[in-house]
Amino acid sequence: MGCARRRRHRSGTNVALEIAKGGMIKGLGAQLPYDQGVAEAILAAYALIGKETSLYVAVPALPVNHKNILDSWNTVYHADASKTIQDAAKK
């Protein structure tokens, strides 16, 4: 994992932990970079085969809060949250 990616993941872990334990951060709108990449790849493929596409495509932010932190983590990172986040979310 690249250094910049590790920093982003660590930052995501810190914020998720704060939400999971009911700390000062109550929620956020998470970006979905993987899903955005998939959408862009599909649009590129459509362009190659001459299929018409929208001029502008965006993936909406994912609302994240204490109730959906574990599902949201899985949606964003395509992996389960760490045990620390899972334990904090259960309290």
Side-chain angles (χ1 to χ4, degrees):
M1 192 180 312
C3 187
R5 187 170 173 191
R6 273 195 301 270
R7 278 195 300 273
R8 281 193 304 270
H9 189 70
R10 191 177 330 121
S11 173
T13 299
N14 294 340
V15 171
L17 185 56
E18 192 68 17
I19 292 170
K21 69 181 185 182
M24 289 183 63
I25 301 172
K26 302 301 181 189
L28 56 84
Q31 297 179 19
L32 300 167
Y34 178 86
D35 295 42
Q36 183 69 36
V38 169
E40 291 172 8
I42 290 170
L43 292 174
Y46 284 174
L48 290 172
I49 63 172
K51 187 172 182 178
E52 198 169 315
T53 64
S54 299
L55 295 175
Y56 180 79
V57 176
V59 174
L62 176 68
V64 180
N65 58 47
H66 179 77
K67 290 182 180 181
N68 71 359
I69 188 69
L70 299 179
D71 289 335
S72 296
W73 183 278
N74 194 285
T75 299
V76 172
Y77 293 106
H78 297 273
D80 291 336
S82 69
K83 183 168 177 4
T84 304
I85 295 172
Q86 291 180 28
D87 291 346
K90 292 177 186 174
K91 294 179 182 179

Partners meeting side-chain hydrogen bond (donor to acceptor under 3.5 Å, both in side chains) with N65 (sequence neighbours left out):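 Counting only residues at least two positions away or on another chain, N65 forms no side-chain hydrogen bond (donor to acceptor under 3.5 Å, both in side chains).
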
Pairs meeting criterion ring pair (Phe, Tyr, Trp, His ring centres under 6.0 Å) with involvement of residues 27-71, two or more places apart: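 Checked against ring pair (Phe, Tyr, Trp, His ring centres under 6.0 Å) - neighbours excluded - the pairs reaching residues 27-71 are Y34-H78.
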
Minimum-distance pair of heavy atoms, taken over all atoms of P63 and S72: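 Looking at all heavy atoms of both residues, the shortest contact is O-OG, 4.0 Å.
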
Heavy-atom closest pair, residues V59 and A39: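 Here V59 and A39 meet closest at CG2-CB, 4.4 Å.
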
Worked check of side chain to side chain contact (heavy atoms under 4.5 Å, CB included) between N14 and E18: CA-CA 6 Å; N14 294 340; E18 192 68 17; over 6 Å; no

Residues, nucleotides or ligands: over 12 heavy atoms within 6.0 Å of Q31 CD: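 Check fails, neighbour count at 12 or below.
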
L55, CG: over 12 other non-hydrogen atoms inside 6.0 angstrom: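 12 or below, so no.
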
Could you state the interatomic distance from [atom1] ([X]) to [atom2] ([Y]), rounded to the nearest 0.5 Å?
X: L32; Y: Y77; atom1: CG; atom2: OH; value: 10.5 Å
X: I69; Y: K67; atom1: CD1; atom2: NZ; value: 14.0 Å
X: L17; Y: D87; atom1: CG; atom2: CG; value: 10.0 Å
X: I85; Y: D80; atom1: CD1; atom2: CG; value: 11.0 Å
X: T75; Y: L62; atom1: OG1; atom2: CG; value: 6.0 Å

Q86 side-chain N/O to A81 backbone N/O, donor-acceptor pair under 3.5 Å: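 Yes; at least one donor-acceptor contact below 3.5 Å.
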
Side-chain donor/acceptor of K51 to backbone N/O of A47, under 3.5 Å: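 No, K51 side chain to A47 backbone: no donor-acceptor pair under 3.5 Å.
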
